[in-house]
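Scroll down for the structure; my scribbles are underneath it.
Letters A, B, ... mirror the listed sequences (proteins, then strands); counts begin at 1.
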2 protein chains.
Amino acid sequence: MSAALNGTGRLSPEVREKARETARRMGYRPNATARQLRAGRARLIGYVVGELADTPWTFLESPYFARLTGATAATALARGYAVVLLPAGSLQSEWAALPLDAVVVADPVADDRIVEDLLAARIPVFSDRSVEGRPGAHWVDVDAAAAVGQALDHFHAQGARRPVLVVPDSSTRFHREVTQAHRAWCAAHGVPERTVRAAEPGNGPVIRAVETALTSGPDRPDALLLVAEASPPLVLDAARRHGYAVPGDLLLVCVSEDETALHTEPPVTTLSLRPDAVAEAGIAHLVAVLERGLRETGGALVPVRLDVRASSVRPGP
Amino acid sequence: MSAALNGTGRLSPEVREKARETARRMGYRPNATARQLRAGRARLIGYVVGELADTPWTFLESPYFARLTGATAATALARGYAVVLLPAGSLQSEWAALPLDAVVVADPVADDRIVEDLLAARIPVFSDRSVEGRPGAHWVDVDAAAAVGQALDHFHAQGARRPVLVVPDSSTRFHREVTQAHRAWCAAHGVPERTVRAAEPGNGPVIRAVETALTSGPDRPDALLLVAEASPPLVLDAARRHGYAVPGDLLLVCVSEDETALHTEPPVTTLSLRPDAVAEAGIAHLVAVLERGLRETGGALVPVRLDVRASSVRPGP
DNA sequence: TTGAAAGCGCTAACAC
DNA sequence: GTGTTAGCGCTTTCAA
């Protein structure tokens with residue numbers, strides 16, 4: 001029976017087909033749980049977003065995490081793993097009853113206990129570089145330094161000399177790296193370092209931070225790099241409200257996966273963190289570890305992509 | 001052992017606590033799969049969005065489905081069920097290996113096979129009213145007719161007499177009901193029925209449909225009800241591009257969960273389909289069916305909520 | 001109170 | 001090519 005349904009035994013294809021067909025029409029379905037018990041793993045992986053731990057489910061409303069989540073689920077399913085959604089900052093009790101082969105922890109915050117809890121429970125963790133070196137933890141990361149460098153180089157090439165960075169006040173590794181890379185770039189290019197932090201995520205606070213960036217400081221900035229998730233059309237509106245023409249007075253680059261950036265006037269240059277590529281690299285790594293017993297290797301660093309559009313190209317004379 | 005860890009046997013609380021503690025420090029973790037096998041169910045439910053079957057994972061990028069997904073996962077987890085993400089239009093092979101106690105199918109499209117496949121596999125289905133009457137299928141639905149009625153009544157009360165509806169060309173039950181309710185309302189109020197269909201989802205096509213609605217037809221409309229997911233700031237921009245002042249020339253209501261509606265100038269009136277309430281009602285129903293063997297009851301009809309903001313309030317004289 | 005055993009449904013191994 | 005069996009790790013039941 002078992003031999004017929006799976007490809008295990010050495011049966012003639014004909015016999016197998018007949019058995020399969022018969023089984024199917026009799027409404028037979030193998031019990032998934034029993035198979036999992038036998039197999040010793042459930043092909044189930046957990047997925048948590050560490051950021052926004054105080055509003056555990058809002059991550060799906062961010063275009064970046066929406067894409068990352070979808071791509072993770074898609075890639076995993078293609079490899080035979082199903083993804084279960086877990087809330088940010090989730091407790092033992094919420095996942096202890098699940099037969100998780102591994103857990104993906106996207107952008108853990110500095111004080112998040114979940115990674116430790118999972119490792120203590122001997123569940124492999126796949127996260128960003130902040131878990132580097134912990135036994136049982138593996139990483140894939142976005143090249144934050146390259147991202148900042150690419151955007152600032154682009155501004156510089158377009159003639160901007162007073163760029164300002166807006167970044168959330170978050171303790172994820174990504175945001176810390178962005179800040180550091182910005183500092184390094186400014187030092188290397190002899191440009192004053194101007195940074196404004198958004199107190200919280202969400203369009204309201206981020207737009208307010210943008211307004212602060214555009215109105216405070218010794219002189220008016222001529223370029224804005226926005227590394228916080230905000231709606232591109234709202235950012236453009238904010239710039240206009242404060243008397244900036246984009247791209248005439250202000251070059252604008254948003255780190256965003258929001259496709260509305262394509263439909264504004266002018267269209268907004270975006271820096272894509274490539275959630276699909278991150279997900280693919282992560283799941284590929286996960287499969288390698290789980291199925292081929294791969295040991296701690298250096299993880300993968302996924303490059304970003306700058307999609308230059310009119311908002312960051314200085315108009316010709 | 002078992003008796004100690006769970007509350008089953010009649011052990012003294014003291015003994016139980018000691019056993020628990022000992023087990024924990026020895027690093028013992030009960031095998032979740034074995035428990036599930038024993039229990040006869042996995043407390044795992046599938047979640048599929050039927051709409052957008054050709055782009056299986058994009059549903060998370062829609063604010064409505066992002067909220068619905070998050071709320072479903074949250075509510076389910078609070079009741080002890082974990083949610084696994086399945087792609088739209090998914091095949092047997094993708095979920096056959098999962099021990100699903102039930103599957104939530106959000107907004108199935110007319111020709112979607114998944115509901116039939118699940119029922120054939122004797123997996124309970126929770127969906128919208130389009131599955132009404134099928135054995136093993138249960139429903140919870142949004143009150144589409146009330147939604148349309150509320151919005152059109154609001155327009156009428158504000159003095160608008162030439163409202164136009166923009167709706168996607170989709171075969172979900174919700175969109176069919178919206179069209180019917182619109183027709184009925186127009187007939188009842190002696191208002192000509194004006195409808196424009198968006199060929200596809202996504203900001204591009206929907207904005208084009210809005211532009212068609214604003215520029216074609218015998219006369220310029222004085223109110224726009226947008227039932228397709230689009231970014232509110234982009235909709236406002238489109239109206240302005242075509243010479244409409246909002247709300248002076250055109251009243252605007254968007255069916256949307258997008259919080260950018262709060263941050264535009266003027267803020268946009270939205271009609272919320274209450275994804276959180278839908279998710280809660282759905283999971284409550286699911287738990288009742290799965291755990292208390294509830295038979296086919298009429299499902300629940302969740303009311304919508306109109307959040308009136310400046311975009312749909314005719315300015316005073 | 002403590003211990004042993006049956007059995008959930010499957011698959012891999014071994015005997016026929 | 002077909003049939004039987006052991007055992008995955010747990011919980012429940014029955015026996016000591």
Side-chain angles (χ1 to χ4, degrees), chain A residues 1-46 80-82 84 92-102 118 120-124 290-291 293, chain B residues 1-46 80-82 84 92-102 118 120-124 290-291 293:
Chain A
M1 187 55 141
S2 174
L5 272 7
N6 315 302
T8 319
R10 49 277 129 176
L11 300 187
S12 70
E14 188 193 319
V15 173
R16 180 173 304 156
E17 220 18 81
K18 215 175 98 188
R20 268 219 167 100
E21 173 59 17
T22 310
R24 206 181 49 70
R25 57 193 323 166
M26 285 176 52
Y28 170 78
R29 344 214 82 255
N31 179 307
T33 306
R35 307 182 100 179
Q36 293 178 355
L37 178 60
R38 188 76 242 286
R41 66 213 168 113
R43 303 194 76 98
L44 211 57
I45 65 188
Y81 291 82
V84 314
Q92 285 268 68
S93 60
E94 311 199 77
W95 47 262
L98 293 169
L100 300 176
D101 293 354
L118 289 165
R122 327 218 75 187
I123 297 176
L290 258 42
E291 297 182 3
Chain B
M1 185 54 142
S2 172
L5 272 7
N6 316 300
T8 320
R10 50 278 128 178
L11 299 187
S12 69
E14 186 194 318
V15 174
R16 180 172 304 153
E17 219 19 79
K18 214 176 99 189
R20 267 219 167 98
E21 174 58 18
T22 311
R24 205 180 52 69
R25 58 192 324 162
M26 286 175 52
Y28 169 78
R29 342 216 88 252
N31 178 306
T33 306
R35 307 181 101 181
Q36 293 178 355
L37 179 60
R38 189 72 240 283
R41 65 212 168 113
R43 303 196 75 98
L44 208 59
I45 65 187
Y81 291 83
V84 313
Q92 284 268 89
S93 61
E94 310 198 78
W95 46 263
L98 294 168
L100 300 176
D101 293 354
L118 289 165
R122 326 218 76 184
I123 296 176
L290 257 44
E291 297 183 2

Task: Arg35(B) side-chain N/O to dT11(D) phosphate OP1/OP2 under 4.0 Å - done: yes
- [ ] Taking only the side-chain nitrogens and oxygens of Tyr28(B), find out if one of them lies under 4.0 Å from OP1 or OP2 of dG9(D).
- [x]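 False: Tyr28(B) side-chain N/O out of range (4.0 Å or more) of dG9(D) OP1/OP2.
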Nearest-Å distance for atom pair [atom1]/[atom2], residues [X] and [N]:
X: Arg41(B); N: dT11(D); atom1: CZ; atom2: P; value: 14 Å
X: Leu98(A); N: dC10(D); atom1: CG; atom2: P; value: 16 Å
X: Gln36(A); N: dT11(C); atom1: CD; atom2: P; value: 12 Å

Shortest non-hydrogen contact between [X] and [Y], atoms and distance:
X: Thr33(A); Y: Pro99(B); value: OG1-CB, 3.2 Å
X: Ala102(A); Y: Ile123(A); value: CA-CG2, 3.8 Å
X: Ala96(B); Y: Ala32(A); value: O-CB, 4.5 Å
X: Gln36(B); Y: Ala97(A); value: NE2-O, 4.0 Å
X: Gly46(B); Y: Leu100(B); value: N-CD2, 3.7 Å

TODO: Mind checking which stems touch DNA chain D? I mean at least 3 consecutive Watson-Crick or G-U pairs, both distances under 3.5 Å.
DONE: C:1-14 with D:3-16
Open item on the list: Main chain of Ile45(B), side chain of Asp101(B): is a donor-acceptor contact present, judged purely on distance under 3.5 Å?
Closed with: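 No: the side chain of Asp101(B) does not pair with the backbone of Ile45(B).
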Task: Test side-chain hydrogen bond (donor to acceptor under 3.5 Å, both in side chains) applied to Glu291(A) - qualifying residues, sequence neighbours left out - done: Arg43(A), Tyr81(A)
Short heteroatom pairs, N/O only, protein and nucleotides 5-8 of chain C, under 3.5 Å:
none

- [ ] Check whether any side-chain heavy atom of Trp95(A) lies under 4.5 Å from a side-chain heavy atom of Val84(A), and answer yes or no.
- [x] no
